[in-house]
Amino acid sequence: MKINGTPYRSVWVDEKDGWSVHIFDQTRLPFALDILQLTTPEQVAHAIKTMQVRGAPLIGAVAAYGLALALRTDSSDAALEQQAAMLAATRPTAINLAWAIERMLNHLRPIAPAQRAAAAYAEAGRICDEDAAQNEAIGLHGLELLRTLAAQRGKNDRINILTHCNAGWIATVDWGTALAPIYMAHDEGLNVHVWVDETRPRNQGAALTAWELGSHGVPHTVIADNAGGHLMQHGLVDLVIVGTDRVTRNADVANKIGTYLKALAARDNNVPFWVALPSTTIDWRVADGVREIPIEERSGTEITHIHGRDDHGQISRVQITPDGSKAANPAFDVTPARLVSGLITEKGCCPATPEGLLSLFPEQG
Ligand SMILES: CSC[C@H]1O[C@H](OP(=O)(O)O)[C@H](O)[C@@H]1O
């Protein structure tokens, strides 16, 4: 996507040196556009753990380059396995991370150590290109949904879409998942508006989704996480589109904490609840999401403290709870398939059922 007219992806290899890896420091957005140059697998692991880089497809792609960086230094079998395990352990919920590392290992194990680093960069590049293409396809399939909604309404009626967290281009290599159809609808001239859940505690909505949509000129309004149900009750939400970190073969959906509550409110108000995902986010090995998907527990300081720009223009962190108060911080929840209206994938849209998924991915049957 473009930033001030310049096209960017969310991760890229330095054109000059041909091996260092660049990402945006997402903990500094929206107030600073800082590009980080990663030169070691440890720096990649730190960036993923601290959420300088985040978003299910993107952390998989960046971890793949982390393995390529590792192999520049030591391409032995032992180093390959050890560095892969280290990178895979950085975050537990998004299946894209494990998927990308497994794909890299399957590709690299049979290759002679001397050729592994070059092969790793090439495979990581393919992972990035595929993600960008898949998300563009998700956008086109989701656009059909929005066109249908617009056709049912008056031509200039506003379509109000609620989204949770950030599933935009900065959460993927490019285009995004939940936001891809919105960008395309806006560019086509459909009258779309987005209710942006702030998404406590890390505020990916307030800081990242709002920044993305504002940069692209998409009308949007940032709201408290707890406002969505009220807006739905008053007919101000036409549909919900969110991203996801892992979808099971039963179509249960793991996503940022709070997604489940939005799905409950949507069901109670007959608001369609759609989930956008590339097939790399499907975990075919898991059926029951609530019982089987590992939910990342992050530091309580993400609850007790908040980042922002202070009145002096400095990005700072302030405490918002009393000294000594404990905090719990599960970073994801699981929405059962029964609350999901449908899935938007690169292969098309389907019901949130095992049969629906297999209709698009019969090879998994
Ligand atoms: C397109 S994946 C976006 C997905 O990832 C986010 O999690 P995090 O910001 O912790 O990496 C969130 O669950 C989004 O829906």
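For the single chain, residues carry numbers from 1 onward in sequence order. Keep in mind it's a predicted model, so treat the numbers as computed, not measured. Read the numbers this way: they start at 1 and go in the same order the structure lists the ligands and their atoms.
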query = Out of T177, L179, D245, whose heavy atom sits nearest atom 1 (C) of ligand 1?
reply = T177

task = For atom 6 (C) of ligand 1, find the nearest protein heavy atom and state the residue, atom name and distance (0.1 Å precision).
result = R54 NH2, 3.6 Å

ask   = D283 and R249: salt bridge (Lys or Arg N to Asp or Glu O under 4.0 Å), yes or no, with the steps?
value = CA-CA 7 Å; D283 185 352; R249 65 173 183 268; over 6 Å; no

query = Is R91 touching ligand 1 with its side chain, its backbone, both, or neither, if touching means heavy atoms under 4.0 Å apart?
reply = side chain

task = Report the part of K256 (side chain from C-beta onward, or backbone N, CA, C, O) that has a heavy atom under 4.0 Å from ligand 1; answer both or neither where that applies.
result = both

key: Of E212, K256, Q26, the residue whose pairing with N166 passes side-chain hydrogen bond (donor to acceptor under 3.5 Å, both in side chains)   = E212

message = Heavy atom to atom 11 (O) of ligand 1, shortest distance: which of G55, C165, A180 holds it?
response = G55

ask   = How are the rings of H230 and H234 set to each other: parallel, tilted or perpendicular (split at 30° and 60°)?
value = tilted

query = Looking only at heavy atoms of H164, does any of them come nearer than 4.0 Å to an atom of ligand 1?
reply = no

message = Given 3.5 Å as the limit, does a donor-acceptor pair link the side chain of Q43 with the main chain of T39, or not?
response = yes

task = Quick one: look at T244 and ligand 1, take heavy-atom pairs under 4.0 Å, and tell me if it's side chain, backbone, both or neither.
result = backbone

Single hit among T259, I161, V271 for side-chain contact (heavy atoms from CB on, under 4.5 Å) with V240 = V271

note = A56 heavy atoms within 4.0 Å reach ligand 1 at atoms 2 (S), 5 (O)

note = So the atoms of ligand 1 within less than 4.0 Å of a heavy atom of P57 turn out to be 1 (C), 2 (S)

ask   = Near Q204, which atoms of ligand 1 are under 4.0 Å from a heavy atom of that residue?
value = 8 (P), 9 (O), 10 (O)

ask   = To which of D131, N166, T172 does the heavy atom nearest atom 3 (C) of ligand 1 belong?
value = N166

ask   = Has D310 got more than 12 heavy atoms of other residues, nucleotides or ligands less than 6.0 Å from its CG?
value = yes

message = Aromatic contact between W12 and F24, with the criterion being ring centroids under 6.0 Å apart: yes or no?
response = yes

Within-shell test, N255 vs ligand 1, heavy atom, strictly < 4.0 Å = yes

Proximal atoms of ligand 1 relative to M51 (non-hydrogen, under 4.0 Å) = 9 (O), 10 (O)

query = Any donor-acceptor pair under 3.5 Å linking the side chain of T321 with the backbone of S325?
reply = no

key: Trace of the salt bridge (Lys or Arg N to Asp or Glu O under 4.0 Å) decision for D225 with R200   = CA-CA 7 Å; D225 290 323; R200 287 278 296 145; over 6 Å; no

